[in-house]
Amino acid sequence: MSELRGLGAVDKVLKERGGRLVAIAADKVSDSRRVAERLALPFDVLSDADLKVIREYGLFFHEPHVNLDCALPAHFLIDKSGVIRWRYISPRSNERPDPQAVIEEIKKL
Amino acid sequence: MANSSIVKHAGLYGIGGFAVVLMGLALYWFLMDVPWIRSTAIPTLAMIAGGLVICGFAVYQKRSVSTIGSTSLAAIFGGMFILLIFGLTRLPEAAGAPQVGQHAPDFAIPNQAGQSVALADLHKNGPALVVFYRGHW
């Protein structure tokens, strides 16, 4: 969750280009609100409580250590026509892309 | 000849070494926002190694319950961290995830204020980044 804070810089670059960043988790709206307020995020935090979108993106994951259904950490960069131009799916639970590397991918579009 | 004051205080060196290992573990949680630290844990691994060297030095100077005890604790805590970070973190492959070049599946789900947000609105005027994360816990 704390990794969302580092995405503020990415959000800024997207907004300059007329685009947007959103975060999605299998949280209830009230939990999404808590996350957005606690981290003072400049982008929307969407609630996929029934995991429908997470399943559609092939990211459903039952976390065995805490016995919870959630999403595999992943990034999808989508262009104006709705086509995926870059994606990152974490191979390990402690790996996330560097926000600077994500900004480089946006600049390539 | 071993310095007699170091020998006398070997127990403190042992405890100090264990403390360095513990501080290294605490450091990881504080610096988890930094992606390369989160992925590689290099500062914590360096502190675990440094703490163990101090512990080893203490045991070398004097074999006592205190030095051997702190060294064992340092090794157990350090080892558990390495197991946790590198052994138990592998995630399953997302075989069904949409590929680069494919259309992103559309969605419309509520944001933190309860208002519905559709993917089509996000990339209407520019590129969109959709970030899936593991949730508030």
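Just so we're clear, the structure is a prediction, and the values are computed from it rather than from any experiment. Every chain is numbered from 1, with letters handed out A, B, ... down the list of sequences.
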Would you name the heavy atoms of [X] and [Y] that are closest together and state the gap between them?
X: B:Leu91; Y: A:Arg92; value: CD1-C, 3.5 Å
X: A:Gly58; Y: B:Ala94; value: O-CB, 3.4 Å
X: B:Gln112; Y: A:Val29; value: O-CG1, 3.7 Å
X: B:Leu119; Y: A:Ile78; value: CD1-CD1, 3.8 Å
X: A:Glu56; Y: B:Pro105; value: OE2-CB, 3.8 Å
X: B:Pro127; Y: A:Arg17; value: CD-O, 3.9 Å

Can you measure from [atom1] ([X]) to [atom2] ([Y]) and round to the nearest 0.5 angstrom?
X: B:Met32; Y: A:Arg96; atom1: CE; atom2: CZ; answer: 7.5 Å
X: A:Asp98; Y: B:Trp36; atom1: CG; atom2: CH2; answer: 11.0 Å
X: B:Lys124; Y: A:Lys80; atom1: NZ; atom2: NZ; answer: 12.0 Å
X: A:Leu59; Y: B:Arg134; atom1: CG; atom2: CZ; answer: 12.5 Å
X: B:Gln115; Y: A:Asp44; atom1: CD; atom2: CG; answer: 7.5 Å
X: B:Leu129; Y: A:Leu14; atom1: CG; atom2: CG; answer: 6.0 Å

Among residues 72-86 of chain B, those lying within the under-4.5 Å heavy-atom range of chain A are B:Ile85, B:Phe86
Looking at chain B, which one of [options] has the largest number of heavy-atom pairs inside 4.5 Å, strictly under?
options: A:Gly82, A:Gly18, A:Pro91, A:Ser47; answer: A:Gly82
options: A:Phe43, A:Tyr88, A:Phe76, A:Phe60; answer: A:Phe76
options: A:Ala49, A:Ala26, A:Ala74, A:Ser32; answer: A:Ala74
options: A:Ile89, A:Asn94, A:Leu46; answer: A:Asn94

Is it the backbone or the side chain of [X] that comes under 4.5 Å from a heavy atom of chain B, or both, or neither?
X: A:Arg85; value: backbone
X: A:Phe61; value: side chain
X: A:Ala71; value: both
X: A:Leu41; value: neither
X: A:Ser30; value: neither

Check for me, please, whether [X] and [Y] land in the same ILVMFWY cluster - side-chain distances under 4.5 Å, paths through other members count.
X: A:Tyr57; Y: B:Leu122; result: yes
X: B:Val130; Y: A:Ile54; result: yes
X: B:Ile42; Y: B:Leu31; result: yes
X: B:Val20; Y: B:Leu27; result: yes
X: B:Tyr133; Y: A:Val22; result: no

Worksheet item: Just wondering, do A:Asp48 and B:Phe107 contact through their side chains at under 4.5 Å, heavy atoms?
Response: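 They are not in side-chain contact.
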Under a 4.5 Å heavy-atom cutoff, which of [options] has the most pairs with chain A?
options: B:Gly114, B:Ala41, B:Pro92; value: B:Pro92
options: B:Gly101, B:Ser39, B:Pro98; value: B:Pro98
options: B:Gly126, B:Ser116, B:Ala120, B:Ala113; value: B:Gly126
options: B:Gly96, B:Ala95, B:Ala97; value: B:Ala97

Exercise for review: With chain B as the partner chain, list the residues of residues 100-109 of chain A whose heavy atoms fall under 4.5 Å from it, by residue number, and write 'none' if nothing qualifies.
Suggested key: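 The residues closer than 4.5 Å to chain B, in numerical order, are A:Val102, A:Ile106, A:Leu109.
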Whatever's closer than 4.5 Å to a heavy atom in chain A on B:Gln99 counts as both
Hey, is the main chain of A:Ser81 close enough, under 3.5 Å, to the side chain of B:His103 for a donor-acceptor pair?
yes
Just checking A:Lys15: does its NZ atom have more than 12 heavy atoms from other residues, nucleotides or ligands closer to it than 6.0 angstrom?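 Count over threshold, so yes.
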